[in-house]
Every structure is written in C-alpha cells, then in structure tokens.
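Single-structure report; data block below.
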Amino acid sequence: MIKGLAITPPVLGRISIGRVVEKNGIRLPQKDDQFTITSQIQEKDAGWLPHPMDEELRKNAPNGKLRTIPVRMLFNDADLNLRAEYTMFDRKSGRPLCVGNGDTCKRLTQSGVQSLPCPGPTLCEFGKGGLCKPYGRLNVKVGDDDDLGTFIFRTTGYNSIRTLAARLSYYQAVSGGLLAYMPLELKLRGKSTAQSHRTPIYYVDLVIKENLSLQEAVAEAGANARQVREQGVDQAALDATAAKGFGNALFEYDEDEVSQVVEEFYSAATDENVLDNSSVVSKMRKDLNFTKSASG
C-alpha cells in the first residue's frame, strides 16, 4: 500500500443540502431546504450534474423536494462511516494545515508535521476567528448498484455532525455492533436559533427507515448479518481494512476534494474572518513553501 495516501471508500456521488451559485462573477455557497444527490461530474455552466438516484428518489418525494434518503452504512464501526475533526484549511489550496480532535492535533510546521495539544476552535490562537471549523465526512450506501460504492456528505455544521455522531454510535450499540445492516435513512430537519436570527437552519439526521420500529430494524439487521455471513462476506475484515486505509496518511483528503472544500464551506466573500486573519494563512503558506524548499 502506498504510504501517505489515505485509502477511503469509493465515491459514486455527493449528497448536499445546498449548492454553489455564481453572483457577480463570484461562486458562492447557497443553502437549501432539501437534499441534492449529484454525480462526480461538474460542468462549467451547469455545475454538478444530478445523479440518476436523485431523480429516482425525487419521484415519490412530497412536492418534489427530497428530504429523506434511504441509506445503509458500509461499516459496523460508527467512526469509520463518519470521520469528524476540527480542521483548519488553507483557503486557497484547500489542503488541511491542522487537524485535531479537541485533545491533540497534527499540524504542518516549518519542521514538518507535529503532534500538539488541541484546545478546539474557540480556544486555539492558531485557528481563531473562524479559520478552524468542525469538518465531517459521512459515507453512505444509496441503492444496490454497487456493494462497496458510497455517496459522501460533507459538512462543517455542528448540528449535523453532533446528531450524526450520536445516532451512529447509538445504532451501533443497540444493534449489537451490526450497524452496517441497519435499515436507515438520512432525514433533513430544520430548527431556528437565536444565532440564526430565528430563521430556519437545516441539518442532517439519521433515523430508522420509515414504518419500522427500532426493534424491527434490529431484528432485520440480525437476519441480514446472518445471511451475509453465511454467503462468505467477512464484515469484520472489511472494517479492519478500512481502518488501516484511513490511517495510511496524516490527513484525509484528495486532490479532487480540496477545491470543493474551499468553494462550499470557506468562501472568502461570505466569511469576513478570513480577511481579518489572512496573515495567519499567509504565514502558514510561507512555512509550507519553506519546508518544500528545504526538502528539495
């Protein structure tokens, strides 16, 4: 296995609750009140092209708005399906500069990658002013066309990350570690807060598939797990291989993802703190250039 390259689940498409629109020549993220499932093909004028699953699921959606998506997890381990960390990105390249869990972090410095204490975004001098955000990636299976292919939902929202992390760990526990076999669905929820000035904000939840009780879902998971095991599928080995692949690099990112991260979550036109703290990013970029030069 090539070292330094995170081996992540194959991605067939993207799930989002917003889109990127162009205003006055600037591409800006725009929130939405429904899911959109796109392919991995992006056209200059049309943006991300819809995946066939989007049209298929939207046919039966009330008012044509896709607010629930039936899904299954690829892994039994909740932390393999959802990877969430505090992350500070270079706003121009989209590459991670510092990734932490609130306890420790890995940070790019002049002397390379260092392990340092991580106090979280609100207390960290390095990432203050909105430079550091929670960043989550959720991989889910949608449909039955590809046994190992997934759709990825990326988010920097506390509500989505907190809710998804709780649900995944709870379902893993109540199913006896059979999370990959639970019949689930992503559900879009809305709420108003003082911070949102009482206007609705939307986040993603994970619930038992409609018309099933928790007990029925757990029973179905047990039956599915037994059937798959009898057919020779080793789910435990899949989880172990995935964990090894995720740990094969210091940071989880790929070249296709970095531009999307900046475009969707870190638009300078919608984040005044980026301008206020641009000197921090500039210093980091100089440090990285210094490191590259020193290494030849």
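Heavy atoms only: backbone and side chains are in, while hydrogens, waters and symmetry mates are out.
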Practice item. Can you sort out the partners of Glu220 under salt bridge (charged side-chain N to carboxylate O under 4.0 Å, His left out), two or more places apart, ordered by chain and number? Key: Arg72

Point to revise | Backbone of Thr68 reached by a side-chain donor or acceptor of Glu185 within 3.5 Å | key: no

**Study point:** Short side-chain to backbone donor-acceptor contact, Ser160 and Gly157, under 3.5 Å
**Key:** no

Review point. Given the rule that I, L, V, M, F, W and Y join up when any side-chain heavy atoms are under 4.5 Å apart, are Ile17 and Leu57 in one cluster?
Key: yes

Review point. Does any non-hydrogen side-chain atom of Leu116 lie less than 4.5 Å from one of Thr104?
Key: no

Review point. How far does OH of Tyr203 sit from CD1 of Ile201, to the nearest 0.5 angstrom?
Key: 8.5 Å

Check your understanding: Are Ile37 and Leu66 close enough that some pair of their side-chain heavy atoms sits under 4.5 Å apart?
Key -> yes

Check your understanding: Hey, what do you get for CD (Glu43) to CH2 (Trp48), rounding to the nearest 0.5 Å?
Key -> 11.5 Å

Practice item. Test Leu179 against Asn81 for side-chain contact (heavy atoms from CB on, under 4.5 Å), laying out the working first. Key: CA-CA 10 Å; Leu179 179 59; Asn81 296 293; 3.6 Å; yes

Check your understanding: Should Tyr181 and Val207 be counted in the same cluster of Ile, Leu, Val, Met, Phe, Trp and Tyr side chains packed under 4.5 Å apart?
Key -> no

Review point. Do Leu206 and Val71 have side-chain heavy atoms sitting under 4.5 Å apart?
Key: yes

Practice item. Identify the two heavy atoms, one from Gly127 and one from Met88, that lie closest to each other, and give their separation to 0.1 Å. Key: CA-SD, 4.1 Å

Exercise for review: Check whether Val99 and Val113 end up in the same hydrophobic cluster, where Ile, Leu, Val, Met, Phe, Trp and Tyr are linked by side-chain heavy atoms less than 4.5 Å apart.
Suggested key: yes

Check your understanding: Residues in side-chain hydrogen bond (donor to acceptor under 3.5 Å, both in side chains) with Glu216, at least two apart?
Key -> Ser213

Exercise for review: Count the heavy atoms belonging to other residues, nucleotides or ligands that lie under 6.0 Å from OH of Tyr158, then report whether that count exceeds 12.
Suggested key: yes

Practice item. Begin with the C-alpha distance, continue with both residues' side-chain angles, and end with the deciding distance and a verdict on side chain to side chain donor-acceptor pair (under 3.5 Å) for Gln114 and Ser111. Key: CA-CA 8 Å; Gln114 292 186 347; Ser111 55; 2.9 Å; yes

**Study point:** Atom pair CZ/SG of Arg107 and Cys124 - distance to nearest 0.5 Å
**Key:** 5.0 Å

**Study point:** Nearest-0.5 Å distance, CD of residue Glu85 to SG of residue Cys98
**Key:** 10.5 Å

Exercise for review: Output yes when a side-chain donor or acceptor of Ser169 lies under 3.5 Å from a complementary backbone atom of Ala166, and no otherwise.
Suggested key: yes

Check your understanding: So Phe89 and Leu97, side-chain contact (heavy atoms from CB on, under 4.5 Å) or not? Walk me through it.
Key -> CA-CA 5 Å; Phe89 289 94; Leu97 301 175; over 6 Å; no

Review point. Apart from Leu238 itself, what residues make up its hydrophobic cluster, given side-chain heavy atom links below 4.5 Å?
Key: Leu74, Phe75, Leu80, Leu148, Phe246

Exercise for review: List for me each residue that meets ring pair (Phe, Tyr, Trp, His ring centres under 6.0 Å) alongside Phe153, sequence neighbours excluded, and say none if there are none.
Suggested key: none

Review point. Distance-only, no hydrogens or angles: does the Arg67 side chain make a donor-acceptor pair with backbone N or O of Leu188 under 3.5 Å?
Key: no

Study note, to complete from the structure: Sequence neighbours excluded, the answer for side-chain hydrogen bond (donor to acceptor under 3.5 Å, both in side chains) partners of Arg162 is none

Review point. Asn76: what forms a side-chain hydrogen bond (donor to acceptor under 3.5 Å, both in side chains) with it, not counting sequence neighbours?
Key: none

Study note, to complete from the structure: Looking only at heavy atoms, the pair that brings Thr156 and Lys133 closest together is CB-CD, 4.4 Å

Exercise for review: Give a yes or no on whether a salt bridge exists between Asp205 and Lys187, defined as a side-chain N under 4.0 angstrom from a carboxylate O.
Suggested key: no

Exercise for review: Treating Ile, Leu, Val, Met, Phe, Trp and Tyr as nodes and any side-chain heavy-atom pair under 4.5 angstrom as an edge, say whether Val140 and Phe35 lie in one connected cluster.
Suggested key: yes

Practice item. Go through the structure and list residues passing side-chain hydrogen bond (donor to acceptor under 3.5 Å, both in side chains) with Asn101, not counting sequence neighbours. Key: none

Exercise for review: Could you pull out the closest heavy-atom pair between Ser39 and Arg14, with the gap in Å?
Suggested key: O-CD, 4.2 Å

Exercise for review: List the steps, then state whether side-chain contact (heavy atoms from CB on, under 4.5 Å) holds for Leu214 with Ile208.
Suggested key: CA-CA 7 Å; Leu214 177 61; Ile208 299 297; 4.1 Å; yes

**Study point:** Residues clustering with Ile161 (ILVMFWY side chains joined when closer than 4.5 Å, directly or via others)
**Key:** none

Point to revise | Separation of Arg154 CZ from Ile15 CD1 (nearest 0.5 Å) | key: 11.0 Å

Exercise for review: Could you tell me whether Glu55 atom CD has more than 12 heavy atoms of other residues or ligands within 6.0 Å of it?
Suggested key: no

Check your understanding: Is there a donor-acceptor pair closer than 3.5 Å between any side-chain N or O of Asn248 and the backbone N or O of Lys244?
Key -> no

Practice item. List the atom of Pro117, the atom of Cys105, and the distance in Å for their closest heavy-atom pair. Key: O-SG, 3.8 Å

**Study point:** Flag side-chain contact, heavy atom, 4.5 Å: Val142 against Ile69
**Key:** yes

**Study point:** With Arg58 via salt bridge (charged side-chain N to carboxylate O under 4.0 Å, His left out) - residues at least two apart
**Key:** Asp54

Exercise for review: Determine whether Tyr86 and Leu164 fall in the same hydrophobic cluster, where Ile, Leu, Val, Met, Phe, Trp and Tyr are linked whenever their side-chain heavy atoms lie under 4.5 Å apart.
Suggested key: no

Check your understanding: If you take all heavy atoms of Ala78 and Gln172, which pair is closest and at what distance?
Key -> N-OE1, 2.9 Å

Practice item. Kindly write out the residues that satisfy salt bridge (charged side-chain N to carboxylate O under 4.0 Å, His left out) with Arg226, not counting sequence neighbours, or none if the list is empty. Key: none

Check your understanding: In chain order, what residues pass the salt bridge (charged side-chain N to carboxylate O under 4.0 Å, His left out) check against Lys65, with sequence neighbours excluded?
Key -> Asp33

**Study point:** Short side-chain to backbone donor-acceptor contact, Thr150 and Pro10, under 3.5 Å
**Key:** yes

**Study point:** Straight-line distance of Asp234 CG to Thr241 OG1, nearest 0.5 Å
**Key:** 8.5 Å

Exercise for review: Take Val218 and Met182 through the test side-chain contact (heavy atoms from CB on, under 4.5 Å) and record every step on the way to the result.
Suggested key: CA-CA 7 Å; Val218 170; Met182 290 285 285; 4.3 Å; yes

Practice item. For side chain to side chain donor-acceptor pair (under 3.5 Å), just list the numbers for Arg83 and Asn139, CA-CA rounded to whole Å, side-chain angles, deciding distance to a tenth of an Å, and then say yes or no. Key: CA-CA 9 Å; Arg83 285 89 58 214; Asn139 288 86; 2.9 Å; yes

Review point. Taking ILVMFWY side chains as joined if any heavy atoms are under 4.5 angstrom apart, and letting links pass through other members, which residues group with Ile41?
Key: Leu49

Revision key, fill the gap. For Thr36 and Thr38, the nearest pair of non-hydrogen atoms, with its separation, is CG2-CG2, 3.7 Å

